[in-house]
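Notes for the one structure printed next.
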Amino acid sequence: DNVTITQDLRVLGSSYLSSFTIGNDLLVGQNNISSTFTGLGTSSPEYLLHLNISNNENETVTPLLLLEKTNLSTGAGDGYGSGIVFRLADDTMEMENISMIAGILEDVSNGTERGALVFYTGYGDVNGIISNLSSAEAMRITGSGNVGIGTTSPTDLLNLYTTGADDIILKISSAGQTGVYINSTN
């Protein structure tokens, strides 16, 4: 019932495969990617990759995509995870990693695992190449719901941090409106 493909797969017209394994790379529309859409769960994809699941049984969040990292040599350590990298060609048509969103483990201890969502931004180095995104963390949402901007370990609901003595930490401005309202029930 399974089909294993170790060479080329060419599908002309309609076909149905219950499952199949691809030995190396799967390339879809490598010559004309702008007009090739791939759909999983849809017969009329609208984007380069269109994922769809039809589920009328519940109204909760349904995972459509799983990013998984497996460390085969040792167990995972704090800070390990997987992410989505955003790339763009610069003015010389070199592909640059410009930002990344990652899910990481803050605590890998069995039974107390805690994840975080981390946003990274890139910056150009002296060679015009965007440097290691993992060293350019811009914001983190911890497993307990704390948000940190400028810090990798927010201890409160919102932590804003800067290393510059004269940097503005929080600026609130509006056209025509003045004032800041902070309410606490404590």
Side-chain angles (χ1 to χ4, degrees), residues 1-72 76-108 113-124 128-149 152:
D1 292 358
N2 292 331
V3 176
T4 301
I5 300 169
T6 57
Q7 298 294 319
D8 292 340
L9 169 65
R10 297 172 194 260
V11 178
L12 304 173
S14 299
S15 69
Y16 172 79
L17 299 173
S18 61
S19 67
F20 63 93
T21 302
I22 298 171
N24 290 309
D25 296 329
L26 171 63
L27 303 175
V28 178
Q30 75 185 54
N31 293 327
N32 190 5
I33 195 72
S34 63
S35 64
T36 302
F37 299 137
T38 302
L40 300 174
T42 179
S43 59
S44 55
E46 298 176 21
Y47 297 96
L48 290 176
L49 178 59
H50 184 153
L51 307 175
N52 179 55
I53 187 168
S54 296
N55 185 349
N56 293 329
E57 296 177 16
N58 60 49
E59 304 231 350
T60 62
V61 175
T62 303
L64 292 178
L65 180 65
L66 173 68
L67 303 177
E68 182 175 299
K69 177 182 179 184
T70 304
N71 186 346
L72 299 177
D78 291 350
Y80 278 29
S82 58
I84 302 169
V85 176
F86 298 89
R87 299 184 81 196
L88 187 66
D90 65 13
D91 59 351
T92 63
M93 298 309 292
E94 290 178 330
M95 292 304 295
E96 305 289 355
N97 297 333
I98 56 173
S99 58
M100 178 171 64
I101 301 171
I104 67 165
L105 280 172
E106 291 181 312
D107 181 355
V108 298
E113 298 91 342
R114 185 168 290 276
L117 189 59
V118 183
F119 298 81
Y120 300 93
T121 56
Y123 50 89
I129 299 172
I130 291 185
S131 300
N132 185 354
L133 289 172
S134 64
S135 65
E137 183 174 321
M139 185 174 82
R140 177 182 295 225
I141 303 172
T142 68
S144 59
N146 293 341
V147 176
I149 299 174
T152 61

* Asked: Going through the checks in order, is the side chain to side chain contact (heavy atoms under 4.5 Å, CB included) test met by Val85 and Tyr120?
  -> CA-CA 9 Å; Val85 176; Tyr120 300 93; over 6 Å; no
* To do: To the nearest 0.5 Å, tell me how far Ile149 CD1 sits from Glu137 CD.
  => 11.0 Å
* How many angstroms lie between atom CZ of Arg87 and atom CE of Met100, to the nearest 0.5 angstrom? -> 12.5 Å
* Verify, without hydrogens or angle tests, whether Arg140 (side chain) and Gly148 (backbone) share a donor-acceptor contact under 3.5 angstrom. => no
* Rounded to the nearest 0.5 Å, what's the gap from CD1 on Ile84 to CG on Leu65? Could you check? => 6.5 Å
* Between Val118 and Met139, does a side chain to side chain contact (heavy atoms under 4.5 Å, CB included) hold up when you go through it step by step? -> CA-CA 6 Å; Val118 183; Met139 185 174 82; over 6 Å; no
* Check: Ile141 and Asn146 side chains under 4.5 Å, non-hydrogen atoms -> no
* **Straight-line distance of Ser82 OG to Leu66 CG, nearest 0.5 Å** => 7.5 Å
* Non-hydrogen atoms of Leu64 and Leu51 that approach each other most closely -> O-CD1, 3.6 Å
* To do: Determine the minimum heavy-atom distance between Leu105 and Glu113, stating which atoms define it.
  => CD2-CB, 4.2 Å
